[in-house]
**Q** 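Could you have a look at this structure, given as structure tokens, before my questions?
All values reported here derive from a predicted model rather than from experimental measurement. Note on naming: letters A, B, ... go to the chains in the order of the sequence lines (proteins, then strands), and numbering restarts at 1 for each one.
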Amino acid sequence: MISQFFVLSQRGDNIVFRDYRGEVPKGSAEIFFRKVKFWKEDEAEEAPPVFNVDGVNYIHVKVAGLLFVATTRVNVSPSLVLELLQRIARVIKDYLGVLNEESLRKNFVLVYELLDEVIDFGYPQTTSTEVLKSYIFNEPIMVDAARLPPLGPAAMFMQGAKRMPGTAVTKSVVANEPGGRKREEIFVDIIEKISVTFSSSGYILTSEIDGTIQMKSYLTGNPEIRLALNEDLSIGRNGSSIYDYHSSSGGGTVVLDDCNFHESVHLDSFDIDRTLTLIPPDGEFAVMNYRMTQEFKPPFRINALIEEAGPLKAEVLLKIRADFSPSVTANTITVQMPVPSYTARASFELEAGAVGQTTDFKEGSKRLEWCLKKIVGGAEHTLRAKLTFSQESHGNTTKEAGPVNMNFTIPMYNASRLQVRYLQIAKKSKTYNPYRWVRYVTQANSYVARL
Amino acid sequence: MAPPIPAPKTPSPSQPSGKSEVTDLKLQLRQLAGSRAPGADDSKRDLFKRVISYMTVGIDVSSAFSEMVMCSATSDIVLKKMCYLYVGNYARCNPDLALLTINFLQKDCRDEDPMIRGLALRSLCSLRVPNLVEYLVAPLGAGLKDGSPYVRMVAALGVLKLYHISAAMCLDSDFPATLKSLMLSDPDAQVVANCLHSLQEIWNLEASKSEEASREIEALYSKPVVFFLLNKIKDFSEWAQCLVLDVVSKYIPGDNNEIFDIMNFLEDRLQHANGAVVLATIKVFLHLTMSMTDVHQQVYERIKAPLLTLVGAGSPEQSYAVLCHLHLLVMRAPMLFSSDYKHFYCQFSEPSFVKKLKLEMLTAIANESNTYEIVTELCEYARNIDIPIARESIRAVGKIALQQYDVNAIVDRLLQFLEMEKDYVTAETLVLVKDLLRKYPQWSHDCIAVVGNISSKNVQEPKAKAALIWMLGEYSQDMLDAPYILESLIENWDDEHAPEVRLHLLTAAMKCFFKRPPETQKALGAALAAGLADTHQDVHDRALFYYRLVQYDVTVAEHVVNPPKQAVSVFADTQSSEIKDRIFDEFNTLSVVYQKPSYMFTDKEHRGPFEFSEDLASLSVGAQSAENVISAQRYQENDNDLLLSTSEKEENGSSAHYGSVPSAYSAPQALTEAALIDHGSSAFTSQPAFAIDDLLGLGVPDAPAPAPAPPTLNLNTKPALDPGTFQRKWGQLGITLSQELSLSPQGVVGLTTPQSLIRHMQGHSIQCIASGGQSPNYKFFFFAQKEGSSVFFLVECIINTSSAKVHLKIKAEDGSAAEPFSALFQLALLKFGLP
């Protein structure tokens with residue numbers, strides 16, 4: 001049971017504030033913001049999502065640079081409140097198309113309208129965009145999406161693949177297009193976050209994929225949809241194939257450790273032909289989340305080396321190789337490497353003809369940072385750096401540097417090889433042929449190579 | 001009337017100073033109030049928006065109340081909604097003005113549009129003005145019978161709102177009864193859910209005052225209601241499902257078949273994408289299977305995968321909440337997770353509060369099979385640039401060393417940390433090496449060799465410095481230059497700011513002196529002199545004490561300051577098992593995140609369904625869950641069994657296979673413990689003794705034990721009574737019996753914690769509802785129920801272990817059964833501590 005709900009900007013201004021039960025004093029938003037901003041407990045610098053000040057529990061999530069906060073005095077389920085906050089953010093996004101401070105400020109009356117229906121007296125009522133439609137009367141005021149910095153995982157499609165309509169993902173589920181009629185379309189995004197740790201000798205120590213199949217439907221009349229996945233997909237670690245790593249690299253079966261599904265998904269035929277049947281509700285939602293620890297081919301190989309070159313000098317060599325097809329291009333790649341704390345200066349040497357690459361030595365955190373705009377599959381890139389130390393090293397520079405951490409996004413690539421074989425929409429008429437977009441993307445969650 | 005007014009030339013709304021803007025708004029609103037001109041509504045909308053935006057940023061716009069109400073006569077629903085929001089916000093502080101709104105809200109409650117009816121009713125109930133409640137009753141009554149589910153849904157929570165404004169009015173109008181029948185009959189799932197919300201909250205708040213409320217709560221958690229809700233579970237929204245699952249977790253099933261039915265039925269909820277639904281389901285599973293060790297373990301195996309998936313999916317905040325629950329389970333049964341250690345490796349980008357949880361989990365699950373990997377991983381973190389995490393990782397390595405069998409390799413790693421020559425690494429490591437030496441003195445040789453090389457100048461942190469000084473004193477015979485290092489430290493006495501370090505210096509100087517007197521004499525003299533002059537009271541006192549001790553007799557002083565030591569076998573756990581159990585009972589609540597039971601962070605009035613009174617609460621040191629005392633007790637015991645049996649299985653080397661096909665929970669072979677109690681035999685064994693006493697015509701003998709009358713009473717093995725009811729009954733009933741008796745010597749020995757007795761009495765179908773106290777005085781409140789009837793027995797039992805005296809006060813609902821019950825109780829008590 002929630003007492004208050006509010007949304008704060010990064011500077012701590014109230015954008016929306018709704019008091020449902022009147023049990024928590026009005027100044028709670030200020031107390032919360034001061035606590036989060038100057039968090040200094042338990043040696044940690046960042047406030048946890050849930051904390052208690054004077055008997056009031058503050059529960060918050062960060063979405064699009066905004067703080068969505070709920071307060072309560074009751075010993076509630078933290079998951080329930082956090083899920084609810086996240087869902088409120090999503091519903092608002094469904095309505096406004098874009099979720100950010102500006103759109104929220106412009107539409108705060110609509111947001112109040114939503115909040116009245118989503119929560120009553122602190123108890124969640126409904127978070128279904130579909131159901132809410134019948135209760136909401138304000139028209140969203142659109143903000144210009146084009147000049148906004150892209151946010152969220154869906155935004156990455158705007159830069160990479162040209163055939164995607166970039167504005168679609170920022171379209172409100174209720175507003176009509178300027179032209180008049182709504183465009184019939186449906187988006188299915190397979191988003192994978194991968195975590196890999198390489199040992200100093202290049203072996204994979206741990207690897208995991210956390211994936212989600214996200215859907216956003218703009219179809220009228222709620223037609224039924226069939227989503228077919230790999231026929232040989234197997235779930236659970238009880239299959240014996242799980243330890244048979246060799247067969248997996250050559251187009252073998254995809255083995256998921258576990259997965260879960262959205263409420264609307266019917267699994268009647270899932271066991272037989274790996275097909276999900278659902279009537280997609282309006283708005284964005286995760287059809288399925290899955291987790292995989294089966295070994296997969298990591299998209300990048302990292303080679304890092306640090307060698308002493310004289311009493312106060314060392315040389316760093318960083319090499320990355322893209323182990324995927326040349327038809328795929330990774331973008332916004334960042335490689336970071338912590339260097340010994342007594343490093344005073346660093347000079348860089350990029351490979352000949354390097355385009356769209358920048359380097360930096362972060363003095364404060366003592367890291368080398370190497371950014372690449374894009375890497376085409378199969379390509380290899382190298383960076384050399386010369387370090388100057390302020391004191392003599394003790395012959396163990398390797399121990400005091402690293403690990404190398406990499407961030408990237410690869411559109412139209414998925415490491416797990418989980419696929420949507422087809423997306424079938426129940427036809428209403430012969431002419432009914434909505435646009436279907438099936439998109440894949442892989443992101444680094446934690447991609448680390450030790451020295 | 002007036003045409004729409006163009007935007008006024010007021011100062012920028014981004015810096016509203018308050019007064020002038022509000023006056024301006026009032027003026028404009030007044031002009032628009034009666035306007036029917038086209039476009040008037042649009043202008044009103046703009047003005048209303050401005051009012052609401054002022055309200056949001058905290059500017060008081062309550063002075064525009066009457067103007068807002070005047071403008072609210074409109075058919076524009078957007079305007080209406082804004083007006084409702086405004087009225088709801090200010091009505092409580094302006095009760096007189098609120099009266100103005102009653103009229104139009106009541107009218108709207110009769111509107112033909114169900115949406116308007118619902119909205120008006122919601123606003124009407126949200127006014128929170130006590131003297132307006134009389135206007136609420138009629139619209140609420142109508143709302144509950146409304147044809148539209150939307151209105152009924154609003155009305156169901158409206159009853160709760162009314163209850164909070166005026167409980168008497170709500171109860172007198174008999175609304176709870178209406179809600180109850182609505183809950184069991186309404187076709188709309190959200191109406192049902194809202195009825196349940198309201199009923200739960202109302203009855204829980206009433207429970208301490210009326211017996212009826214307790215009965216109503218029992219009825220809510222009874223089989224018909226629980227099964228009714230379960231059968232409908234798929235109709236509910238995911239949030240309402242969480243509510244239903246919470247109710248199910250409070251239900252105590254009649255037999256094992258019921259448990260399996262419920263679990264098989266809820267099995268697919270574990271695959272839900274909403275983490276809250278999954279955790280609520282897990283709570284049901286864990287609580288249901290508490291008394292079935294094997295199945296309980298299977299549940300752990302079953303829930304692992306969904307939990308890990310939830311940790312990976314969703315936002316960082318959501319995965320943190322799930323990880324906290326995983327942490328709780330891992331700490332409870334680390335054995336069951338020992339092969340999953342890789343899932344708890346820290347990821348580069350994770351915030352430190354997540355990493356900390358993971359480090360604790362890694363520490364807990366380290367065993368022979370995975371220690372090498374885990375420690376290797378932790379050593380990587382020790383080099384981390386995130387210093388707090390690096391420190392935490394070193395501590396984790398130390399903890400593993402303290403709990404491990406193969407310390408050898410780990411000690412080497414720790415000593416390698418010292419070679420890293422980072423101050424904070426050295427500091428953490430020194431503290432750990434000190435602890436290790438206290439547990440494994442045999443390692444002193446290797447450790448001292450390395451520690452001796454550390455320059456004390458590089459150690460600045462008080463804790464680390466104290467540890468180093470302790471080692472210098474303790475092992476001064478093995479460290480050549482110990483006296484000289486101590487001497488130089490003593491020379492800088494005045495620069496030493498931490499009293500902790502100065503205290504250690506005094507003691508170390510003494511120890512060193514006993515072993516190498518000629519070299520240390522001068523240093524000790526200097527230390528004692530400095531200590532005597534010290535401004536810190538403790539330091540001064542210790543110096544004075546040592547000084548007099550040495551003056552009195554050096555050998556005696558050595559006995560006092562440096563006696564032969566025993567290695568420490570186990571370092572005390574920071575959290576008692578009672579607290580941990582209580583947190584476990586509060587699974588899927590904030591308690592798990594805070595790692596504290598709810599009574600430590602919530603006010604009394606928000607503590608939850610069942611509250612302890614001051615009297616009981618002060619006693620309940622943590623043995624009971626505030627939510628469900630009886631089941632909690634039952635669980636605790638069996639849960640310990642679970643852990644025990646796992647470790648035994650490990651030792652036997654039998655690789656236990658738990659059903660990997662999770663939906664097929666098979667009924668366990670063993671009967672539940674409660675079912676094994678044989679009342680007949682206990683009655684039988686006591687009979688001969690009684691017969692003899694009777695033959696001899698003696699009264700009740702004083703020693704060794706009073707012979708109780710033959711129990712002709714059978715007790716219910718699973719009685720249910722919540723603290724509120726207990727307390728009320730205790731207050732209502734007079735004392736039926738009051739007795740003094742002696743506890744057997746074995747019983748006295750066995751009573752080290754209240755828990756042991758509680759568990760013992762449970763075996764005799766006597767449940768504890770609250771306990772407390774410290775040796776030698778313990779106080780317990782027990783209860784039991786006559787088999788097949790509703791008759792309860794309540795017992796206050798005060799035990800003094802030093803005199804072995806027990807004082808009993810028994811209150812029975814059926815006076816005639818008090819004697820046999822007392823006999824049964826005494827018999828059970830006397831058996832305590834006997835093998």
**Q** Is any side-chain N of the basic residue among B:D76 and B:K81 closer than 4.0 Å to the acidic one's carboxylate O?
**A**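 No, this pair does not count.
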**Q** Based on non-hydrogen pairs under 4.5 Å, which of B:L308, B:L119, B:V322 is most in contact with chain A?
**A**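 If we count pairs closer than 4.5 Å to chain A, B:L308 comes out on top.
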**Q** Highest number of heavy-atom pairs under 4.5 Å with chain A: which of B:M153, B:E350, B:Q347, B:K342?
**A**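 Between B:M153, B:E350, B:Q347, B:K342, the count favours B:Q347.
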**Q** If we define contacts as heavy-atom pairs under 4.5 Å, which of B:I387, B:T56, B:N89 has the most with chain A?
**A**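 Of B:I387, B:T56, B:N89, B:T56 has the most heavy-atom pairs under 4.5 Å with chain A.
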**Q** Heavy-atom distances under 4.5 Å only: say whether A:D13 touches chain B with side chain, backbone, both or neither.
**A**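 No part of it gets close to chain B.
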**Q** Which atoms of A:L85 are under 4.5 Å from chain B, going by heavy atoms: the side chain, the backbone, both sets, or neither?
**A**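 It is neither, since no heavy atom gets under 4.5 Å.
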**Q** Is there side-chain contact between B:N588 and B:I282, with at least one heavy-atom pair below 4.5 Å?
**A**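 Not touching, per the 4.5 Å side-chain cut-off.
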**Q** Chain B: which of A:D19, A:L82, A:V76 shares the most heavy-atom pairs with it under 4.5 Å?
**A**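 Most heavy-atom pairs within the cutoff with chain B belong to A:V76.
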**Q** With a 4.5 Å limit on heavy-atom distance, are the side chains of B:I77 and B:M115 in contact?
**A**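 Yes, close enough: below the 4.5 Å cut-off.
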**Q** Fit a plane to each ring of A:F6 and A:F17, take the angle between them on a 0 to 90° scale, and name the class: parallel (under 30°), tilted (30 to 60°) or perpendicular (over 60°).
**A**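 Parallel: the ring planes of A:F6 and A:F17 meet at under 30°.
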**Q** What part of A:N407 is in contact with chain B, defined as an atom under 4.5 angstrom from a non-hydrogen atom: side chain, backbone, both or neither?
**A**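 Neither the backbone nor the side chain of A:N407 comes within 4.5 Å of chain B.
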**Q** Non-hydrogen atoms of chain B under 4.5 Å away: do they reach the side chain of A:Y135, the backbone, both or neither?
**A**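 Both parts, heavy atoms under 4.5 Å.
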**Q** Under a 3.5 Å distance rule, please check whether A:S128 uses its side chain to pair with a backbone N or O of A:V131 as donor and acceptor.
**A**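 Yes; judged by distance alone, with no hydrogens or angles, the pair exists.
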**Q** As an exercise: rank A:N57, A:V265, A:I15 by heavy-atom pairs under 4.5 Å with chain B and give me the winner.
**A**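 When all of A:N57, A:V265, A:I15 are compared, A:N57 has the most.
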**Q** Is the ring centre of A:Y123 less than 6.0 Å from the ring centre of A:Y20?
**A**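 No, ring centres 6.0 Å or more apart.
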**Q** Chain B heavy atoms under 4.5 Å from A:T127: which part of the residue, side chain, backbone, both or neither?
**A**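 The answer is both parts of A:T127.
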**Q** How close do A:Q125 and B:L157 get, heavy atom to heavy atom, and via which atoms?
**A**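 In this case the closest contact between A:Q125 and B:L157 is NE2-CD1, 3.3 Å.
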**Q** By a 4.5 Å heavy-atom criterion (distance strictly below it), what part of A:P338 contacts chain B: side chain, backbone, both, or neither?
**A**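 The answer is the side chain of A:P338.
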**Q** Hey, mind stepping through B:Q190 and B:S237 against side chain to side chain contact (heavy atoms under 4.5 Å, CB included) and telling me if it holds?
**A** CA-CA 7 Å; B:Q190 193 57 45; B:S237 75; 3.7 Å; yes
**Q** Taking every heavy-atom pair that is under 4.5 Å apart, which of B:C242, B:S591, B:G314 has the most such pairs with chain A?
**A**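 Among B:C242, B:S591, B:G314, the one with the most close pairs to chain A is B:S591.
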**Q** May I ask you to name which of B:V354, B:V592, B:L85, B:V278 has the most heavy-atom pairs under 4.5 Å with chain A?
**A**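 Most heavy-atom pairs under 4.5 Å with chain A: B:L85.
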**Q** Assign the ring pair B:F353 / B:Y320 to parallel, tilted or perpendicular, where the plane angle (0 to 90°) is split at 30° and 60°.
**A**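 Perpendicular: the ring planes of B:F353 and B:Y320 meet at over 60°.
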**Q** Need one label for B:E373: side chain, backbone, both or neither, based on atoms under 4.5 Å from any heavy atom in chain A.
**A**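 Contact with chain A: none, neither part.
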**Q** Side chain, backbone, both or neither: which part of B:F601 has a heavy atom under 4.5 Å from chain A?
**A**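 When you check distances to chain A, atoms from both the backbone and side chain of B:F601 fall under 4.5 Å.
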**Q** Rounded to the nearest 0.5 Å, what separates atom CE in A:M406 from atom OG1 in A:T334?
**A**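 Interatomic distance, A:M406 CE to A:T334 OG1, rounded to 0.5 Å: 8.5 Å.
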**Q** Please rank A:R87, A:R291, A:M288 by heavy-atom pairs under 4.5 Å with chain B and give me the top one.
**A**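 Among A:R87, A:R291, A:M288, the one with the most close pairs to chain B is A:R291.
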**Q** Would you say the ring centroid of B:H197 lies under 6.0 angstrom from that of A:F121?
**A**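 No, the ring centres sit 6.0 Å or more apart.
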**Q** Tell me which of these, B:K49, B:R128, B:M82, B:Q241, has more heavy-atom pairs under 4.5 Å with chain A than the rest.
**A**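 The candidate making the most pairs under 4.5 Å is B:R128.
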**Q** Select, from A:F261, A:Y290, A:F51, the one with the greatest count of heavy-atom pairs under 4.5 Å involving chain B.
**A**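 The candidate making the most pairs under 4.5 Å is A:F261.
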**Q** Please identify, among A:G55, A:S77, A:G211, the residue contributing the most non-hydrogen atom pairs under 4.5 Å to chain B.
**A**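 Heavy-atom pair counts peak at A:S77.
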**Q** By a 4.5 Å heavy-atom criterion (distance strictly below it), what part of A:Q86 contacts chain B: side chain, backbone, both, or neither?
**A**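 The answer is the side chain of A:Q86.
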**Q** Should we say atom CG of B:D235 is surrounded by more than 12 heavy atoms from elsewhere, each under 6.0 Å from it?
**A**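 Counting other residues, nucleotides and ligands, CG of B:D235 exceeds 12 neighbours.
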**Q** Go through the atoms of A:D116 and report whether side chain, backbone, both or neither lie under 4.5 Å from a heavy atom of chain B.
**A**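 Contact with chain B involves both backbone and side-chain atoms of A:D116.
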**Q** Go through the atoms of B:N194 and report whether side chain, backbone, both or neither lie under 4.5 Å from a heavy atom of chain A.
**A**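 For B:N194, the side chain is the part near chain A, not the backbone.
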**Q** Side chain, backbone, both or neither: which part of B:Y150 has an atom under 4.5 Å from a heavy atom of chain A?
**A**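 Interface part for B:Y150: side chain.
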**Q** Hey, are the side chains of A:Y112 and B:Y84 touching, using non-hydrogen atoms and a 4.5 Å cut-off?
**A**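 When only atoms from C-beta onward are counted, B:Y84 and A:Y112 do not touch, as no gap falls below 4.5 Å.
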**Q** Where on A:V16 is there a heavy atom nearer than 4.5 Å to chain B: the side chain, the backbone, both, or neither?
**A**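 When you check distances to chain B, only backbone atoms of A:V16 fall under 4.5 Å.
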**Q** Between A:K193 and A:D210, does at least one N-O distance fall below 4.0 Å, as a salt bridge requires?
**A**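 Result for this pair is no, no salt bridge flagged.
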**Q** Step through it carefully: locate the ring centre of A:F68, locate the ring centre of A:H60, and say whether they are under 6.0 Å apart.
**A**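 Not under 6.0 Å, so no.
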**Q** Go through the atoms of B:S53 and report whether side chain, backbone, both or neither lie under 4.5 Å from a heavy atom of chain A.
**A**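 Backbone plus side chain of B:S53, per the 4.5 Å heavy-atom cut-off to chain A.
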**Q** Taking every heavy-atom pair that is under 4.5 Å apart, which of A:K62, A:H262, A:E208, A:K26 has the most such pairs with chain B?
**A**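 Answer, by heavy-atom pair count under 4.5 Å with chain B: A:K62.
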**Q** Measure distances from A:A47 to the heavy atoms of chain B and classify the residue's part below 4.5 Å as side chain, backbone, both or neither.
**A**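 Backbone of A:A47 only, per the 4.5 Å heavy-atom cut-off to chain B.
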**Q** Using a strict 4.0 Å threshold on nitrogen-to-oxygen distance, state whether B:E201 and A:R21 make a salt bridge.
**A**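 Answer for the salt bridge query: yes.
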